Every structure is written in structure tokens, then in C-alpha cells.
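Data block below; observations after.
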Amino acid sequence: MGSNQQGLAGGPAVEAAGTTGKGDLFARYGLEFDSHPLEDVVARALLPATTPQLYCTCNLNHLRQLQGNADFRAAYARAAVVTVDGRPIRMLARLQAKRDVPVVTGADMFPALLDALRPGIDRPFFVASSAQAAQILRDKLVARGFDPADIGHDSPPYGFERDAAYSADLVARIAALDATHLFMGVGAPKSEIWVSRHFAGLPAAHIFCVGAALDFSSSLKARAPAWVRALSLEWAHRMLSEPRRLLPRYAGDALFLAQILAGRKLVPVFPPRP
């Protein structure tokens, strides 16, 4: 799964992630990002787990929120895998740490893993932003031969994360299914923090906090066309589709990016693992 050393055209050599210099990313950004491409992450997520395995997909907004949100940092500290979810972080790693890390977004990971789930082996549980999204995802798997009894889903009400009784019941339902995969699609940092707070009660599942990916895969939201993504303009497509919510967020992220480029030191969150 390793890769050969690469170089930026006309610039210094850039090391493939996972080769040498381990810890450089942690020293700069407080995180050690996973070095494997999408297909390897999906393959890992199909292996049996003996403990809950949390996968976090870190974009620039996550990195910004991690600076001031201790609960979010605690969730990330539990992660088994942290991938780079967005080209700005990859650009930073290449520019500042001379490391090349693959971009593995939640929006790409979720449909790839959904397609790879196996009837009779895997038991997914979807926590979606709407009952319609959850039902569509369930129906897709049933059409592929899944037993409906092997699929769990919920669309919790607003503020469920502060409702101890509701959360306890949701954890109990996930555990009763003995879920092999838990997909959280209720936004960040809510999804990650909820998982972290209830970690001890969750089964040995691969857990993904992938936000709008559930809505994209259920066709309730339109993802940017492939050519827009190829030009690294998916952020613009999303901002135009939800300007009131995303314009302030992206403006704050842009300022944060400028601060990192100017040398801002970031808090330690996810150290290199053996």
C-alpha cells in the first residue's frame, strides 16, 4: 500500500504519506492523517472489528472547530482512522510538510462502502437527517438481497444529542442489531461527539460520521457534478446550494486557512499511532 516518492513540478520533493517523516503532520496540524487511498479504507472497513472503530473525515472546517471544541477533540482522539476530506488540507500538507496525503472524503467513502456491504454478513445502521433518507438507503439494500431485519435506521429529532433517554434507546437499538457498520449523517461535530459520548455502549462496529453523504446517496441532495469536483470546486457548488448556511462557514474557514499559512500553531488532537 506504499507509494513512491513524488515531486512537485519545479519544487522540492514531496514524500508520499506513510513513507518517512512520520509525525510531521501532527507537529503542524495536531493530527496524523491516514495514508491509504479510498479502496484500502473500504477494505479495512469490511474486516471484522473487535472494538468500535471510528472513522473521521477531516476537512478544513473540522480542523478549525477542533481548535476550540474540547468535546470534538475528545471524539477525534478516539478515532481509529482520520482521513483528509478536502483539497485545502492536502495542499497544506504538500506545501508546509512536504507530505502527499490522499483525499478520502465522506461523500466518496460512503457510497463505495454502501456498495461493498454484503447481505448475510454486514448489518448496517443509518442515523440519517430524515426518515426519507433512511428509508431510501434501507430499500436499496433490501433490493440487493439484505434481510430487512439486518438493517437498522433512525432519524432523530433536533436536539436528540441532549436527550439522555432518547440517546440511550438509540444506543440500545444499535447494540441489539449488533451492527457491523454505523453511519451517522446528522452533521459535524454533533455526530462525532454523540458517538464519543456513547462509545462504551456501542457494538464492535465500523463507525462513520459522513454528514450529507447519506443525503447524496439517497438522492435527496444533489452532489456537485464530477467535472466540478475534478476542478476542486465542490465547495462552490455546495455554497451556491445553501448560501445562508455555508457562506459564513466558508468565510471563516478561509480566514483560518490564511492563519495556518501564516504559521498559526494548532492544538494537538490525534497523535501518530504505532
Side-chain angles (χ1 to χ4, degrees), residues 30-31 45 49-59 61-82 85 106 109-110 113-114 117 122-138 141 148-215 217-218 220-221 242 245 249 267-270:
L31 294 161
T50 56
T51 59
Q53 302 289 299
L54 175 60
Y55 295 67
C56 292
T57 58
C58 186
N59 57 34
N61 184 258
H62 280 212
L63 196 58
R64 178 160 70 101
Q65 292 195 64
L66 285 166
Q67 306 312 300
N69 189 326
D71 290 335
F72 200 24
R73 290 198 298 271
Y76 257 77
R78 292 187 182 275
V81 174
V82 175
D85 188 334
M109 190 190 312
F110 176 68
L113 185 51
L114 190 68
L117 293 179
D122 299 316
R123 297 174 300 281
F125 198 108
F126 304 103
V127 179
S129 60
S130 71
Q132 186 180 7
Q135 187 65 44
I136 291 170
L137 294 171
R138 175 188 177 278
L141 292 182
D150 287 340
I151 306 168
H153 60 87
D154 189 59
S155 53
Y158 179 79
F160 82 98
E161 71 279 10
R162 298 186 295 273
D163 186 329
Y166 191 99
S167 289
D169 179 70
L170 180 54
V171 170
R173 290 171 54 204
I174 296 167
L177 181 67
D178 194 19
T180 58
H181 298 83
L182 171 60
F183 299 102
M184 301 290 297
V186 291
K190 182 189 297 186
S191 293
E192 291 85 354
I193 292 173
W194 187 89
V195 167
S196 178
R197 288 177 175 169
H198 300 282
F199 208 70
L202 294 172
H206 297 275
I207 305 170
F208 297 85
C209 301
V210 289
L214 274 67
D215 292 325
S217 289
S218 59
L220 294 182
K221 283 187 179 179
E242 300 180 78
R245 182 175 74 89
R249 166 179 154 175
V267 300
V269 179
F270 183 92

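Since this is a predicted model, take the numbers as computed values, not measurements.
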Pairs touching residues 163-175 that satisfy salt bridge (Lys or Arg N to Asp or Glu O under 4.0 Å), sequence neighbours left out: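 Listed by first then second residue: D154-R173.
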Qualifying salt bridge (Lys or Arg N to Asp or Glu O under 4.0 Å) pairs, either residue in residues 195-204, two or more places apart: D71-R197
Give every donor-acceptor pair under 3.5 Å between a side-chain atom in residues 177-187 and any protein atom, sequence neighbours left out.
| residue | atom | partner | partner atom | Å |
| --- | --- | --- | --- | --- |
| D178 | OD2 | R123 | NH2 | 3.4 |
| T180 | OG1 | R123 | N | 2.8 |
| H181 | NE2 | A45 | O | 2.7 |

Test log, rule side chain to side chain contact (heavy atoms under 4.5 Å, CB included), inputs Y76 and S196: CA-CA 8 Å; Y76 257 77; S196 178; over 6 Å; no
Pairwise side-chain contact, E192 with C56, heavy-atom cut-off 4.5 Å (strictly under):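 Yes. Closest side-chain heavy atoms under 4.5 Å.
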Can you tell me how far the [atom1] atom of [X] sits from the [atom2] atom of [Y], to the nearest 0.5 Å?
{"X": "L117", "Y": "D150", "atom1": "CG", "atom2": "CG", "result": "11.5 Å"}
{"X": "L202", "Y": "H198", "atom1": "CG", "atom2": "NE2", "result": "8.5 Å"}
{"X": "T51", "Y": "R78", "atom1": "OG1", "atom2": "CZ", "result": "11.0 Å"}

Heavy-atom donor-acceptor pair, [X] side chain to [Y] backbone, under 3.5 Å:
{"X": "R73", "Y": "V269", "answer": "no"}
{"X": "S191", "Y": "A188", "answer": "no"}
{"X": "Q67", "Y": "V267", "answer": "yes"}
{"X": "S217", "Y": "F110", "answer": "no"}

Single hit among I207, V82, V81 for side chain to side chain contact (heavy atoms under 4.5 Å, CB included) with L54: I207
